2 protein chains.
Amino acid sequence: MVTINDIARKAGVAKSTVSRYLNNGSVSRETRNKIEEIIRETGYMPNNFARSLKAQKTNMIGVIIPRLSSASTNEVLSGIDERSRQLGYQLIITNSDQDSEREFENIQTLSKQKVEGIIMFARELTPEHIEAVKQTQTPFLFIGQRAEDIHSIIHQDYEAGEKIGKYALELGHRHFLFIGVPEKDRAVGVERKQGFLDTVRAGHGITIDTIETDFSRSSAYQKALKFLPETLATYIVCATDNIAVAVLKASKELGYSVPEDFSLSGFGGYEATAYVSPTITTVSYPYREMGLESVDKLVKLINKEEVPHVSEMKNELVINQSTTFFKKV
Amino acid sequence: MVTINDIARKAGVAKSTVSRYLNNGSVSRETRNKIEEIIRETGYMPNNFARSLKAQKTNMIGVIIPRLSSASTNEVLSGIDERSRQLGYQLIITNSDQDSEREFENIQTLSKQKVEGIIMFARELTPEHIEAVKQTQTPFLFIGQRAEDIHSIIHQDYEAGEKIGKYALELGHRHFLFIGVPEKDRAVGVERKQGFLDTVRAGHGITIDTIETDFSRSSAYQKALKFLPETLATYIVCATDNIAVAVLKASKELGYSVPEDFSLSGFGGYEATAYVSPTITTVSYPYREMGLESVDKLVKLINKEEVPHVSEMKNELVINQSTTFFKKV
DNA sequence: TTGTACGCGTTATCAA
DNA sequence: TTGATAACGCGTACAA
């Protein structure tokens, strides 16, 4: 490897001079030219580790994501990438494969890398998670789940549930089926659902059935093949767009038509909802903006500025073709 | 920051002893216990930079991707993540936003980080790219595009095109429309297309029209709204699954039914092709395996082992509902 | 088993 | 403007 020493020797100057050239640039024209030439010749590149070691700063931000193949995650990630780049931070993205053990590991790894801050996409939040984060001295930000004592940035999931509930009632529906996910995920499994339930429960003559699945399309599809023929619901609320896409698929397979036989909606606002037929009514979440904001917030944390414990991102009902007025049958 | 020196002082031993404990572990029971306790108390974590600086090894692999929101990219990435984890490498993922300048930047950045090897998802490959890579002393691997002088791992795109061509001919089709992408992307824009063209051209009474779009769904959708009413083709070949999904969407919008009015196929084998109706015939690419193999190959490069310049990944025709026999109209 | 001393590549301080 | 030197945190000969 070619080091600053090599450059100095070949240029016939002290390495401190080369260093000065590299940073301030305040050197004489003559030596500057000489150094520039040697650097070009040798293809020298400063060693970031030595630099970080000295400067006690890495300019790196660590990100922990649950999986690499999620549309929403990637949107947020894209926002994180953009903003951190603007701010001169280098990103280290680690994947936990939806496994808590690996989440702990990744927190450790990133701490050892001496990243200046960590952003973690939270799924379920156990006491061990909180503990692991507190151990770390590194500024920390959770995305997606509200956490005690630790800063977080979340969606208004309860409100999103309310929006769908209100909208469905307005359409005249009274018989609902909610396809949810496990409650370990508080944001999606509890709040989103509760917002919906609290809203529709307020009405009269309402029936609400509930089914639980996971975040994968395939599970939702399999389950839908079973429950669709049995349900009396005229409006099916899916906890995510992926689930909605899968249920729609199963509906067609079984010969139902949406929204004639029942209305159907999701949450998220993924691109996929716009490229199926009918297009799916959903609540659009500002994923990219969330990524931008999360970096802003983390950087404030790094700089020890005051920031609110929880930041909430607003969302928006998007009405598409998959929902329509209740028709008496 | 708590360093190995602090631990040593508090434990009343030399830092070399602590270091030995950290690495070999060969210390007396007594000191071991003492050190362990102090480390637990202080939450000490070794500084990876100092470590890398000393060891001249970072155990990091750099990855350059064109964008964060691509299904195929993420599948490959997932494979890369899995294998590099198994092999004890830490991943640094950087995003180039489909911009050549940023690709060069990222190559630089990763080199400075002293990653041991770089995997880059290639889009278009210019002489500047080749030059930038050669500048770097870092072992380098291109994914997705064949490159002179530089190691690469690619799909059998030409063969994939052949498969679709052969299949379409067998179904009795004679009038084709190929929806392609710019030729800057040699793999998809040239080879995939050429494999198809060379195959169907061999027959008689064939007509082939060609349209060019980009990789986004929205562009393909907009264009499809225009060309679908005009085309006489009975089989539409889309260069990617995303394009196929968009064309299918436009077809429905316009009142056509697939495959009754025309057959339609894509390339890639994305999950999305299975969750639309009709499901889309495609060629399934082994993205995840490609990720695994690319790490294997890069590691061999790092260890200066002999490896073939180009590795090819096989693919497979997947027949779904969007294609059927040609029916005389 | 333990401790001393040095070097990894860089930057910062201070004197020349 | 330049150069000598110390320091960042760690690992490792080598000596004790």
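Letters go in sequence order (proteins before strands), and every chain restarts at 1. Fair warning: this is a prediction, and the values are worked out from it, not measured in the lab.
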Write down the distance between CZ (A:R20) and C1' (C:dC14), rounded to a whole number of angstrom. 12 Å
Of the nucleotides D:dG11, C:dT2, C:dT10, which one has an atom closest to the side chain of B:R51? D:dG11
Salt bridge (charged side-chain N to carboxylate O under 4.0 Å, His left out) between B:D185 and B:R123: does it pass, once the steps are laid out? CA-CA 6 Å; B:D185 186 321; B:R123 307 166 308 115; over 6 Å; no
Mind calculating the distance between OH (A:Y44) and P (C:dG9) to the nearest angstrom? 10 Å
Check the distance between D:dG9's P and B:N48's CG and give it to me in whole angstrom. 14 Å
Using a cut-off of strictly less than 4.0 Å, decide whether A:T17 has a side-chain nitrogen or oxygen near OP1 or OP2 of D:dG3. yes
Specify the separation, in whole Å, of atom CG of A:D6 and atom P of C:dT10. 9 Å
Between A:S52 and C:dT10, does any side-chain N or O lie under 4.0 Å from OP1 or OP2? no
With a 4.0 Å limit, can you tell me whether A:Q56 has a side-chain N or O closer than that to the phosphate oxygens OP1/OP2 of D:dG9? yes
Think B:T3 has a side-chain N or O under 4.0 angstrom from the OP1 or OP2 of D:dG9? no
Classify the ring geometry between A:F49 and B:F49 as parallel (under 30°), tilted (30 to 60°) or perpendicular (over 60°). tilted
Closest approach to the side chain of A:N47, judged atom by atom: which nucleotide of C:dT1, D:dG9, C:dT10 is it? C:dT10
What's the CG-P distance between A:N24 and C:dT13, to the nearest Å? 11 Å
Is B:Y21 near enough to D:dG11 that one of its side-chain N or O atoms lies under 4.0 angstrom from OP1 or OP2? no
Look at the side chain of B:S16 and the base of C:dT4, then say whether one donor and one acceptor between them are separated by less than 3.5 Å. yes
When you get a sec, tell me which of D:dG11, C:dT4, D:dT1 is the closest nucleotide to the side chain of B:A14? C:dT4
Just how far, in rounded Å, is C1' of C:dC8 from CE of A:M1? 8 Å
A:N23 vs C:dT11: side-chain N/O to OP1/OP2 distance below 4.0 Å: yes
For A:S100, run the side chain to side chain contact (heavy atoms under 4.5 Å, CB included) check against A:E128, A:H129, A:E105 and tell me which one passes. A:H129
Calculate the interatomic distance between A:R32 atom CZ and D:dT1 atom P; express it in whole Å. 10 Å
So A:K10 and A:E41, salt bridge (charged side-chain N to carboxylate O under 4.0 Å, His left out) or not? Walk me through it. CA-CA 11 Å; A:K10 289 188 184 173; A:E41 270 177 17; over 6 Å; no
Between B:S96 and B:P66, which heavy-atom pair has the shortest distance, and what is it? OG-CA, 3.4 Å
Contact class for A:S28 (heavy atom, under 4.0 Å): base, sugar-phosphate, or nothing? sugar-phosphate
In this structure, how many angstroms lie between the P atom of D:dT2 and the CZ atom of A:R9, rounded? 19 Å
If you go through the side-chain atoms of A:K15, does one of them form a donor-acceptor pair with the base of C:dT10 closer than 3.5 Å? yes
For the side chain of A:K54, starting at C-beta, report the closest nucleotide among D:dC10, D:dG3, C:dA12. C:dA12
Between A:S78 and A:R288, does any side-chain donor sit less than 3.5 Å from a side-chain acceptor? yes
